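Just below is one structure, and these are the notes that go with it.
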Amino acid sequence: MAVRSNIVGIDSPEALEKALRAAYYLADEGLATSAYLGLALGKPLLLEGAPGVGKTEAAKAIAAVLGRRLIRLQCYEGIDASAALYEWNYPRQMLAIRQAGDESIDIYGEAFLIERPMLAVLRAPDSTVLLIDEIDRADQEFEAFLLEFLSDFQISIPERGTVRAAERPVVVLTSNRTRDLHEALRRRCVYHWIDYPTAEREARIIMMRASSVAEATARAVVAAVERLRREPLSKAPGIAEAVDWAEAATLLNKGGARWPDAFKRSIGVALKDEEDLHFISPRLDAMLAEATA
(Lines give C-alpha, C1' and ligand atoms only; values in the text may rest on other atoms or scores of the structure.)
Protein backbone atom coordinates (compact mmCIF):
# COMPACT_ATOMS: atom_id res chain seq x y z
CA MET A 1 0.00 0.00 0.00
CA ALA A 2 1.37 3.39 -1.02
CA VAL A 3 1.35 5.78 1.92
CA ARG A 4 1.17 9.52 1.27
CA SER A 5 2.93 10.86 4.35
CA ASN A 6 2.40 14.48 3.33
CA ILE A 7 -0.80 15.84 1.80
CA VAL A 8 -0.49 19.52 0.82
CA GLY A 9 1.66 20.19 3.87
CA ILE A 10 -0.48 18.08 6.23
CA ASP A 11 1.72 15.47 7.87
CA SER A 12 -0.30 14.56 10.98
CA PRO A 13 -3.85 14.45 12.37
CA GLU A 14 -3.01 17.53 14.44
CA ALA A 15 -2.01 19.47 11.33
CA LEU A 16 -5.25 18.44 9.62
CA GLU A 17 -7.32 19.45 12.65
CA LYS A 18 -5.69 22.89 12.57
CA ALA A 19 -6.28 23.23 8.83
CA LEU A 20 -9.94 22.22 9.21
CA ARG A 21 -10.35 24.81 11.95
CA ALA A 22 -9.03 27.44 9.54
CA ALA A 23 -11.75 26.24 7.13
CA TYR A 24 -14.35 26.91 9.86
CA TYR A 25 -14.83 23.26 10.81
CA LEU A 26 -14.11 22.12 14.36
CA ALA A 27 -13.05 18.48 14.17
CA ASP A 28 -12.35 16.43 17.27
CA GLU A 29 -9.30 14.20 17.57
CA GLY A 30 -11.13 11.11 16.31
CA LEU A 31 -12.42 12.72 13.13
CA ALA A 32 -9.12 14.46 12.39
CA THR A 33 -7.26 11.16 12.82
CA SER A 34 -9.66 9.16 10.63
CA ALA A 35 -9.65 11.82 7.90
CA TYR A 36 -5.85 12.01 7.95
CA LEU A 37 -5.51 8.23 7.70
CA GLY A 38 -7.98 8.13 4.82
CA LEU A 39 -5.91 10.74 2.96
CA ALA A 40 -2.54 9.19 3.81
CA LEU A 41 -3.56 5.61 3.00
CA GLY A 42 -5.57 6.52 -0.08
CA LYS A 43 -8.72 4.96 1.36
CA PRO A 44 -12.30 6.27 1.25
CA LEU A 45 -13.52 7.88 4.46
CA LEU A 46 -16.89 6.60 5.72
CA LEU A 47 -18.66 8.97 8.10
CA GLU A 48 -21.76 7.77 9.92
CA GLY A 49 -23.97 9.63 12.36
CA ALA A 50 -27.37 11.14 12.92
CA PRO A 51 -28.63 13.74 10.43
CA GLY A 52 -27.24 17.18 11.17
CA VAL A 53 -24.03 16.27 12.99
CA GLY A 54 -21.76 17.70 10.27
CA LYS A 55 -20.87 14.78 7.99
CA THR A 56 -21.40 16.62 4.72
CA GLU A 57 -19.77 19.74 6.13
CA ALA A 58 -16.71 17.65 7.01
CA ALA A 59 -16.35 16.62 3.37
CA LYS A 60 -16.70 20.23 2.25
CA ALA A 61 -14.05 21.31 4.74
CA ILE A 62 -11.65 18.56 3.62
CA ALA A 63 -12.05 19.70 0.01
CA ALA A 64 -11.40 23.30 1.07
CA VAL A 65 -8.26 22.29 2.97
CA LEU A 66 -6.95 20.38 -0.04
CA GLY A 67 -7.85 23.23 -2.39
CA ARG A 68 -9.95 20.88 -4.52
CA ARG A 69 -13.38 21.01 -6.12
CA LEU A 70 -16.04 19.03 -4.26
CA ILE A 71 -18.14 16.80 -6.52
CA ARG A 72 -21.27 15.60 -4.73
CA LEU A 73 -23.18 12.45 -5.63
CA GLN A 74 -26.47 12.59 -3.71
CA CYS A 75 -27.82 9.08 -3.26
CA TYR A 76 -31.51 8.22 -3.35
CA GLU A 77 -33.68 5.14 -3.65
CA GLY A 78 -33.38 3.77 -7.16
CA ILE A 79 -30.14 5.52 -8.11
CA ASP A 80 -28.28 3.58 -10.80
CA ALA A 81 -24.90 3.52 -12.48
CA SER A 82 -25.89 5.93 -15.25
CA ALA A 83 -26.67 8.65 -12.68
CA ALA A 84 -23.29 8.08 -11.01
CA LEU A 85 -20.94 7.36 -13.94
CA TYR A 86 -21.96 8.67 -17.35
CA GLU A 87 -24.70 8.84 -19.94
CA TRP A 88 -24.77 9.27 -23.68
CA ASN A 89 -26.52 12.33 -25.04
CA TYR A 90 -28.94 10.45 -27.30
CA PRO A 91 -30.78 13.50 -28.71
CA ARG A 92 -27.48 15.05 -29.70
CA GLN A 93 -26.31 11.77 -31.22
CA MET A 94 -29.47 11.50 -33.32
CA LEU A 95 -29.15 15.09 -34.47
CA ALA A 96 -25.51 14.54 -35.43
CA ILE A 97 -26.43 11.44 -37.45
CA ARG A 98 -29.10 13.35 -39.37
CA GLN A 99 -26.76 16.26 -40.04
CA ALA A 100 -23.93 13.98 -41.17
CA GLY A 101 -26.02 12.41 -43.91
CA ASP A 102 -23.86 9.87 -45.76
CA GLU A 103 -20.67 10.97 -44.02
CA SER A 104 -19.08 8.84 -41.33
CA ILE A 105 -19.40 10.16 -37.76
CA ASP A 106 -18.27 8.90 -34.38
CA ILE A 107 -21.34 9.26 -32.17
CA TYR A 108 -19.36 8.02 -29.16
CA GLY A 109 -16.94 10.90 -29.14
CA GLU A 110 -16.31 13.20 -26.21
CA ALA A 111 -18.90 15.71 -27.38
CA PHE A 112 -21.69 13.18 -26.81
CA LEU A 113 -20.58 11.94 -23.39
CA ILE A 114 -22.41 13.32 -20.35
CA GLU A 115 -20.01 13.15 -17.43
CA ARG A 116 -21.44 12.19 -14.04
CA PRO A 117 -19.69 12.53 -10.62
CA MET A 118 -17.71 9.28 -10.55
CA LEU A 119 -16.32 9.67 -14.06
CA ALA A 120 -15.47 13.31 -13.35
CA VAL A 121 -13.41 12.29 -10.32
CA LEU A 122 -11.61 9.50 -12.19
CA ARG A 123 -10.56 12.00 -14.85
CA ALA A 124 -9.30 14.59 -12.38
CA PRO A 125 -8.32 12.76 -9.17
CA ASP A 126 -5.70 15.35 -8.23
CA SER A 127 -8.09 18.31 -8.21
CA THR A 128 -11.37 16.90 -6.93
CA VAL A 129 -12.97 15.29 -3.87
CA LEU A 130 -15.88 12.90 -4.38
CA LEU A 131 -18.66 13.05 -1.80
CA ILE A 132 -21.04 10.09 -1.94
CA ASP A 133 -23.74 11.51 0.29
CA GLU A 134 -26.24 9.38 2.23
CA ILE A 135 -25.18 6.06 0.75
CA ASP A 136 -27.68 4.34 3.06
CA ARG A 137 -30.52 5.80 0.97
CA ALA A 138 -29.37 3.85 -2.11
CA ASP A 139 -30.34 0.21 -2.57
CA GLN A 140 -28.03 -2.75 -2.16
CA GLU A 141 -27.57 -3.17 -5.92
CA PHE A 142 -25.99 0.27 -6.17
CA GLU A 143 -23.88 -0.46 -3.10
CA ALA A 144 -22.56 -3.61 -4.82
CA PHE A 145 -21.68 -1.59 -7.91
CA LEU A 146 -19.89 0.90 -5.68
CA LEU A 147 -17.68 -1.86 -4.25
CA GLU A 148 -15.98 -2.39 -7.60
CA PHE A 149 -15.42 1.32 -8.09
CA LEU A 150 -13.85 1.75 -4.65
CA SER A 151 -11.57 -1.26 -5.17
CA ASP A 152 -9.97 -0.35 -8.48
CA PHE A 153 -11.01 3.26 -9.12
CA GLN A 154 -11.73 2.50 -12.74
CA ILE A 155 -14.77 2.07 -14.96
CA SER A 156 -15.34 0.49 -18.32
CA ILE A 157 -17.15 2.39 -21.06
CA PRO A 158 -17.87 -0.27 -23.73
CA GLU A 159 -17.72 2.20 -26.61
CA ARG A 160 -14.51 3.92 -25.40
CA GLY A 161 -12.59 1.50 -23.18
CA THR A 162 -11.47 1.63 -19.56
CA VAL A 163 -11.01 4.86 -17.65
CA ARG A 164 -8.56 4.60 -14.74
CA ALA A 165 -7.67 7.22 -12.18
CA ALA A 166 -4.03 8.33 -12.45
CA GLU A 167 -3.92 8.30 -8.64
CA ARG A 168 -6.29 7.22 -5.89
CA PRO A 169 -8.94 9.92 -5.61
CA VAL A 170 -10.14 11.36 -2.31
CA VAL A 171 -13.57 9.90 -1.53
CA VAL A 172 -15.86 10.63 1.41
CA LEU A 173 -19.01 8.60 2.02
CA THR A 174 -21.71 9.59 4.50
CA SER A 175 -24.49 7.52 6.05
CA ASN A 176 -27.34 8.37 8.41
CA ARG A 177 -27.51 4.65 9.23
CA THR A 178 -31.11 4.22 8.16
CA ARG A 179 -29.95 0.75 7.14
CA ASP A 180 -26.81 -1.31 7.68
CA LEU A 181 -24.15 -1.06 5.01
CA HIS A 182 -22.54 -4.18 3.61
CA GLU A 183 -19.46 -5.37 5.47
CA ALA A 184 -17.47 -5.43 2.23
CA LEU A 185 -18.06 -1.70 1.77
CA ARG A 186 -16.97 -0.94 5.33
CA ARG A 187 -13.76 -2.94 4.87
CA ARG A 188 -12.70 -0.68 2.02
CA CYS A 189 -12.99 2.47 4.12
CA VAL A 190 -11.54 4.25 7.10
CA TYR A 191 -14.53 4.55 9.42
CA HIS A 192 -15.61 7.22 11.89
CA TRP A 193 -18.83 7.76 13.81
CA ILE A 194 -19.73 11.43 14.27
CA ASP A 195 -21.86 12.17 17.32
CA TYR A 196 -23.38 15.45 18.39
CA PRO A 197 -20.62 17.68 19.77
CA THR A 198 -20.21 18.49 23.42
CA ALA A 199 -21.95 21.64 24.65
CA GLU A 200 -18.65 23.52 24.75
CA ARG A 201 -17.69 22.50 21.21
CA GLU A 202 -21.13 23.28 19.80
CA ALA A 203 -21.08 26.74 21.36
CA ARG A 204 -17.69 27.32 19.73
CA ILE A 205 -19.08 26.14 16.38
CA ILE A 206 -22.01 28.56 16.64
CA MET A 207 -19.75 31.51 17.44
CA MET A 208 -17.36 30.51 14.64
CA ARG A 209 -20.13 30.16 12.05
CA ALA A 210 -22.22 33.11 13.24
CA SER A 211 -19.83 35.86 14.28
CA SER A 212 -22.66 38.23 15.26
CA VAL A 213 -23.94 35.87 17.96
CA ALA A 214 -22.90 36.60 21.55
CA GLU A 215 -21.42 33.83 23.68
CA ALA A 216 -24.39 33.90 26.07
CA THR A 217 -26.78 33.43 23.15
CA ALA A 218 -24.73 30.56 21.74
CA ARG A 219 -24.70 28.77 25.10
CA ALA A 220 -28.45 29.30 25.52
CA VAL A 221 -29.11 27.80 22.08
CA VAL A 222 -26.87 24.83 22.88
CA ALA A 223 -28.73 24.23 26.15
CA ALA A 224 -32.08 24.40 24.33
CA VAL A 225 -31.15 22.11 21.45
CA GLU A 226 -29.68 19.56 23.85
CA ARG A 227 -33.07 19.37 25.54
CA LEU A 228 -34.86 19.16 22.19
CA ARG A 229 -32.60 16.31 21.06
CA ARG A 230 -33.66 14.28 24.09
CA GLU A 231 -37.30 14.53 23.02
CA PRO A 232 -38.93 11.95 20.70
CA LEU A 233 -38.98 14.30 17.73
CA SER A 234 -39.21 13.18 14.12
CA LYS A 235 -36.43 15.62 13.16
CA ALA A 236 -34.15 16.76 15.97
CA PRO A 237 -32.26 20.01 15.31
CA GLY A 238 -28.77 19.48 13.95
CA ILE A 239 -25.74 21.73 14.26
CA ALA A 240 -26.78 23.78 11.22
CA GLU A 241 -30.19 24.42 12.80
CA ALA A 242 -28.51 25.46 16.05
CA VAL A 243 -26.38 28.00 14.17
CA ASP A 244 -29.39 29.33 12.26
CA TRP A 245 -31.49 29.54 15.43
CA ALA A 246 -28.80 31.57 17.20
CA GLU A 247 -28.58 33.95 14.23
CA ALA A 248 -32.36 34.27 13.88
CA ALA A 249 -32.91 34.92 17.58
CA THR A 250 -30.09 37.49 17.61
CA LEU A 251 -31.66 39.24 14.63
CA LEU A 252 -35.06 39.44 16.39
CA ASN A 253 -33.44 40.64 19.60
CA LYS A 254 -31.67 43.45 17.77
CA GLY A 255 -35.09 44.37 16.36
CA GLY A 256 -36.54 44.73 19.83
CA ALA A 257 -37.67 41.24 20.88
CA ARG A 258 -36.71 40.33 24.44
CA TRP A 259 -35.11 37.12 25.60
CA PRO A 260 -36.34 34.38 25.69
CA ASP A 261 -39.19 35.54 23.43
CA ALA A 262 -36.70 35.95 20.58
CA PHE A 263 -35.91 32.24 20.81
CA LYS A 264 -39.58 31.27 20.92
CA ARG A 265 -40.56 33.38 17.93
CA SER A 266 -37.73 31.91 15.84
CA ILE A 267 -38.37 28.26 16.83
CA GLY A 268 -39.32 27.48 13.21
CA VAL A 269 -35.65 27.79 12.31
CA ALA A 270 -34.79 24.95 14.70
CA LEU A 271 -37.84 22.68 14.38
CA LYS A 272 -39.20 22.14 10.89
CA ASP A 273 -42.02 19.67 11.41
CA GLU A 274 -45.59 20.61 12.39
CA GLU A 275 -46.03 17.59 14.64
CA ASP A 276 -42.74 18.33 16.43
CA LEU A 277 -43.81 21.94 17.02
CA HIS A 278 -47.20 20.82 18.33
CA PHE A 279 -45.59 18.22 20.59
CA ILE A 280 -43.06 20.59 22.15
CA SER A 281 -45.30 23.68 22.36
CA PRO A 282 -46.73 23.05 25.89
CA ARG A 283 -43.23 22.87 27.40
CA LEU A 284 -41.38 25.31 25.18
CA ASP A 285 -41.66 28.33 27.50
CA ALA A 286 -40.27 26.46 30.48
CA MET A 287 -37.53 24.90 28.34
CA LEU A 288 -36.39 28.25 26.97
CA ALA A 289 -36.57 29.94 30.36
CA GLU A 290 -34.31 27.24 31.79
CA ALA A 291 -31.91 27.48 28.86
CA THR A 292 -31.56 31.26 29.15
CA ALA A 293 -31.35 31.34 32.96
Side-chain angles (χ1 to χ4, degrees), residues 1 30-31 33-63 66 68-88 113-125 128-195 234-235 238:
M1 179 185 299
L31 176 55
T33 301
S34 297
Y36 170 75
L37 291 176
L39 293 172
L41 299 175
K43 284 181 169 291
L45 174 65
L46 172 58
L47 301 176
E48 276 196 323
V53 295
K55 303 183 296 295
T56 300
E57 288 300 316
K60 292 179 180 178
I62 290 171
L66 298 177
R68 298 186 179 191
R69 177 168 63 101
L70 181 75
I71 298 179
R72 181 175 181 176
L73 174 60
Q74 177 62 56
C75 296
Y76 53 86
E77 185 178 354
I79 188 173
D80 58 13
S82 62
L85 290 175
Y86 69 92
E87 288 184 290
W88 291 110
L113 185 64
I114 302 175
E115 191 178 74
R116 298 304 186 196
M118 287 172 140
L119 178 57
V121 169
L122 290 182
R123 286 176 154 183
T128 58
V129 172
L130 175 62
L131 168 60
I132 304 175
D133 216 7
E134 297 182 316
I135 181 61
D136 53 317
R137 295 182 61 184
D139 53 34
Q140 293 183 349
E141 287 75 12
F142 182 78
E143 189 177 336
F145 151 76
L146 192 59
L147 289 176
E148 182 178 358
F149 174 83
L150 295 178
S151 295
D152 303 323
F153 290 109
Q154 67 178 40
I155 63 169
S156 176
I157 302 178
E159 300 84 359
R160 293 172 64 90
T162 301
V163 178
R164 296 182 179 86
E167 62 180 70
R168 295 181 73 84
V170 176
V171 181
V172 180
L173 301 93
T174 72
S175 167
N176 296 328
R177 206 164 190 174
T178 57
R179 67 171 178 85
D180 288 334
L181 301 179
H182 197 282
E183 185 63 28
L185 178 64
R186 293 180 180 276
R187 285 200 303 268
R188 285 163 172 76
C189 303
V190 175
Y191 176 83
H192 183 71
W193 171 267
I194 299 184
D195 209 342
S234 61
K235 176 61 175 71

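Here, residue 1 is the first one in the sequence, and each next residue gets the next number. These numbers were taken from a predicted model, which means no experiment stands behind them.
- Judged purely by atom type and a 3.5 angstrom limit, Glu143 uses its side chain to pair as donor or acceptor with the backbone of His182.
- Between the side chain of Lys55 and the backbone N or O of Ala50 there is at least one donor-acceptor pair closer than 3.5 Å.
- Between the side chain of Arg179 and the backbone N or O of Ala138 there is at least one donor-acceptor pair closer than 3.5 Å.
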Next on the checklist: Set out, in order, the CA-CA distance, both residues' side-chain angles and the distance that settles side chain to side chain contact (heavy atoms under 4.5 Å, CB included) for Leu66 and Leu39, then state yes or no.
Outcome noted: CA-CA 10 Å; Leu66 298 177; Leu39 293 172; 3.9 Å; yes
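- Note: Trp88 CH2 to Arg160 CZ = 5.0 Å, rounded to the nearest 0.5 Å.
- Under a 3.5 Å cut-off, the side chain of Asp136 and the backbone N or O of Ser175 do not form any donor-acceptor pair.
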Can you give the donor-acceptor pairs under 3.5 Å from side chains of residues 149-157 to other protein atoms, not counting sequence neighbours?
unit_1	atom_1	unit_2	atom_2	d
Ser151	OG	Leu147	O	2.9
Ser151	OG	Arg188	NE	2.6
Ser151	OG	Arg188	NH2	3.1
Gln154	OE1	Arg164	NE	3.0

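- Here CD1 of Ile135 is found 7.5 Å from CD1 of Ile79. Values are rounded to the nearest 0.5 Å.
- For the pair Val171/Val129, no side-chain contact is recorded, criterion being any heavy-atom separation below 4.5 Å from C-beta on.
- Separation of atoms CG (Asn176) and OG1 (Thr178) is listed at 6.5 Å; rounding is to 0.5 Å.
- By the 4.5 Å heavy-atom criterion applied to side chains, Ile132 and Leu146 are counted as neighbours.
- Environment of CD in Glu183: crowded, with over 12 heavy atoms of neighbouring residues, nucleotides or ligands closer than 6.0 Å.
- Using modelled atom types, one side-chain atom of Arg68 and one backbone atom of Pro125 make a donor-acceptor pair closer than 3.5 Å.
- By the neighbour-count criterion of 12 heavy atoms within 6.0 Å, atom CD of Gln140 is sparsely surrounded, having that number or fewer from other residues, nucleotides or ligands.
- Contact of the Leu130 side chain with the Pro169 side chain is not registered, since no non-hydrogen atoms from C-beta on lie closer than 4.5 Å.
- No donor-acceptor pair under 3.5 Å is formed between the side chain of Lys60 and the backbone N or O of Leu70.
- Under 4.0 Å is where a charged nitrogen must lie from a carboxylate oxygen, and between Glu77 and Arg137 no such pair does.
- Residues meeting the side-chain contact (heavy atoms from CB on, under 4.5 Å) test with Ala81, sequence neighbours left out: Leu85, Phe145.
- Remark: the backbone N or O of Glu134 is paired with a side-chain donor or acceptor of Thr174 at under 3.5 angstrom.
- A donor-acceptor contact under 3.5 angstrom links the side chains of Asp80 and Ser82, judged on distance only.
- Ile62 and Ala35 make their closest contact through CD1-CB, 4.1 Å (heavy atoms, listed as atom of the first residue, atom of the second, distance).
- Formation of a donor-acceptor pair under 3.5 Å by the Arg69 side chain with backbone atoms of Thr128 is not found in this model.
- Here the SG atom belonging to Cys75 is positioned 5.0 Å from the CZ atom belonging to Phe142, to the nearest 0.5 angstrom.
- Looking at heavy atoms from C-beta onward, Val172 lies out of side-chain contact with Leu46 at the 4.5 angstrom threshold.
- Once rounded to the nearest 0.5 Å, the distance linking OH of Tyr191 with CZ of Arg186 reads 5.5 Å.
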